[in-house]
Amino acid sequence: MAALSIRALSKRYANLEVLKDIALDIESGEFTVLVGPSGCGKSTLLNIVAGLDRPSAGTIEIGGRVVNDVAPKDRDIAMVFQSYALYPSMTVRQNITFGMECRHVPKAEQDAAVGHVAKLLQIEPLLGRKPSQLSGGQRQRVAMGRALVRNPLLFLFDEPLSNLDAKLRVEMRMEIKRLHQRIGATIVYVTHDQIEAMTMATRIAVMHQGSVQQFADPDTVYRYPANLFVARFMGSPPMNTMPARLEAENDGPVVVIGAGRPDELRLRLRGYDAAAPFVGRKVVFGIRPECIAEGSRTFSSEAPVLVEAPVELVEPTGAETMVLLRLGGEPAMARVSPDIRPAPGTSAAFALDTRRICLFDPETERLIA
Amino acid sequence: MSNAATMRPGRPALPEWVRRLPEYLTIWVPLLLSAAHLVSFSLWTIWISFTPSTLVPVAGWVGLRNYTAVTASRNWQIAFDNLLLFGSAFVLLSAATGLILAILLDQRIRGENVLRSIFLYPLAVSFVVTGTVWSWLLNPGLGIQKLVHDLGWTSFKFDWLIDRDMAIWTIVIAAIWQSCGFAMALFLAGLRSVDPDIIKAAQIDGAGPVRTYRRIILPSLWPITVTVVVIQLQFAISTFDLVRALTNGGPGIATQLPALVVYDLMFQRSLLGRGAAAAVLMLLILLAVLLPYAAWRYIQRRRGAHA
Ligand SMILES: Nc1ncnc2c1ncn2[C@@H]1O[C@H](COP(=O)(O)OP(=O)(O)O)[C@@H](O)[C@H]1O
Ligand SMILES: [Mg+2]
């Protein structure tokens, strides 16, 4: 059953079109992450789903029921806000029970529900405190508790981890994921952080300028980005993209970077049949940093594709060494083993994983193959 | 200051104190002068209140005799009772009116800016003008009562201005008219500073507007309420020109207030020592309001610094 269906949804403020023809179908139990740069309309979309804002056009179904004209409280949703939005004058317990109080749930039932949620989130010792007496991480937990106690059809999270420090963010990320696995809730989670999207989602909707660029599982989004925007937005550091030409040789297509230059790079492509119409034309060549490694690395059982490339800059991070090099004159980042430190200004051999190359149409910016 | 120096690159830099001279002159000189005035006249008044001065200040020591004379006088007792009634009624009603206006204005209605200016406008009017205009409006032979009579409802009676028991309420009405816009502006700022996400969360929790205001928004306004109450109280205690123009303490001495008593003793009955004693008593009442407020602010700030 679709927990949430969004169809032909658009939203405009005066003459600013914030959301354009959004369509999403989210299955029950899915952890969907809406990811995109700041200002792309994620919060607006989430607010419309929650009923806090009205769409200019389109329909929203929650649990098979059209809810366009249903008040937020009757949509069977719970929401966690970036600012946590805890009620400052109430204790943690009152914050959690306020919704039940509004729905006239009997007191005994309220107490049982609070007890259960407080145990789940380990916030029992905090129940008597006011939000101002809590740390950021504790407030975050209370905000989650307020949502969980409702036991709704759909959870909406709007950048719930953005206000936490890096360490706590990673911890809470895991905790939310664990929680999802445990209670099997349907979650729509908004973030601008592509790592959160990759690590938590069962499906990712990448948004840009008010429209969904791609809606797929994390592996697909990463491996087959639908367009250049997705390719450059997902992944850190992002995919290397550079202009190239596609040429035909006897045994298949060859992508040429820096054609005509002395350091021109020619890479044979296998299994890129979809690229055939682009032979003889310009394309955008894309390769992830981890697909460029030190020369001794083998990516597959076949003979490795080795290139000699000038090294410009070396950034050791401890876990790996990032190398800025030039492929056919175009800059590219490579991710090599941590103990390998090629000297800047020299040339070194690098192995390329040519099976994971992406080609994009330079005009439409869409993925070719 | 540094802009001025960089704009004229050819000139040698002036010494720091010369460059900052205008600053010193415009801020510190008036500040020190007024502080000196305030302190010296307060001390002088306190000293006078212990002397037998009448028409002119004279040296001498009469102990608390001026104070006992003032507090024993019917004039002062009525003024003090009136102050209690006027002060509490005015402060409560003006805060309540301001809050209601602020909540109504907060509904994102059209023409908010115009309405806000209208409600704030009375603040720009001097109390003498307010008092005079309201004395016309409330005058049974000229104002509201006459208007209603002329409209045909001849049994209508609204003569509080000349009613001994009700006259004090005319001052309350005029004072509220003058200052509820101020309370409204402060409350509106408070309402607008509530995190919109909190209101959204309440909407999702299913709280209606009444519950949202009562349980979530209004409790966050109480620091502003304290400020409003203290500022209004301070105004109530020192009220002079409004009463002078509206009722001049009358009918009889029914609307007497401490500031009027001071004026009466000092400048009409030429009892400088007693007038000074009454003024010092007013100062003490004011301190009774301001000192707890200052202490509260101090504690608030300390707590804020620790959190
Ligand atoms: N009430 C509003 N009036 C006009 N423009 C708005 C309003 N709310 C949001 N916007 C605009 O809509 C765009 C998307 O906002 P938002 O959904 O908050 O982005 P995100 O959450 O992805 O950062 C922004 O460009 C923002 O300026
Ligand atoms: Mg947002």
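We use all heavy atoms of the structure for the numbers below, so side chains are in, but hydrogens, waters and symmetry mates are not. So you know, we letter chains A, B, ... as the sequences are listed, proteins then strands, and number each from 1.
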CZ of B:R215 to OH of A:Y87, rounded to nearest 0.5 Å, is 9.5 Å
Heavy-atom distances under 4.5 Å only: say whether A:R75 touches chain B with side chain, backbone, both or neither.
neither
Assess whether atom CZ of A:R103 is packed by more than 12 heavy atoms of other residues, nucleotides or ligands within 6.0 Å.
yes
About how many Å separate CZ of B:R211 and CD of A:E101, when rounded to the nearest 0.5 Å?
5.0 Å
Quick check: under 4.5 Å, non-hydrogen atoms only, which of residues 195-210 of chain B neighbour chain A?
B:D195, B:D197, B:I198, B:K200, B:A201, B:A202, B:Q203, B:I204, B:D205, B:G206, B:A207
Is it the case that atom CZ in B:F80 sees more than 12 heavy atoms from other parts of the structure closer than 6.0 Å?
no
Tell me, side chain or backbone of A:N47 under 4.5 Å from chain B's heavy atoms, or both, or neither?
side chain
Can you name the residues that form a side-chain hydrogen bond (donor to acceptor under 3.5 Å, both in side chains) with A:D69, not counting sequence neighbours?
A:R54
Tell me, side chain or backbone of A:M100 under 4.5 Å from chain B's heavy atoms, or both, or neither?
neither
Is it true that, when you exclude B:Y121 itself, more than 12 heavy atoms of the residues, nucleotides or ligands shown sit nearer than 6.0 Å to its OH?
no
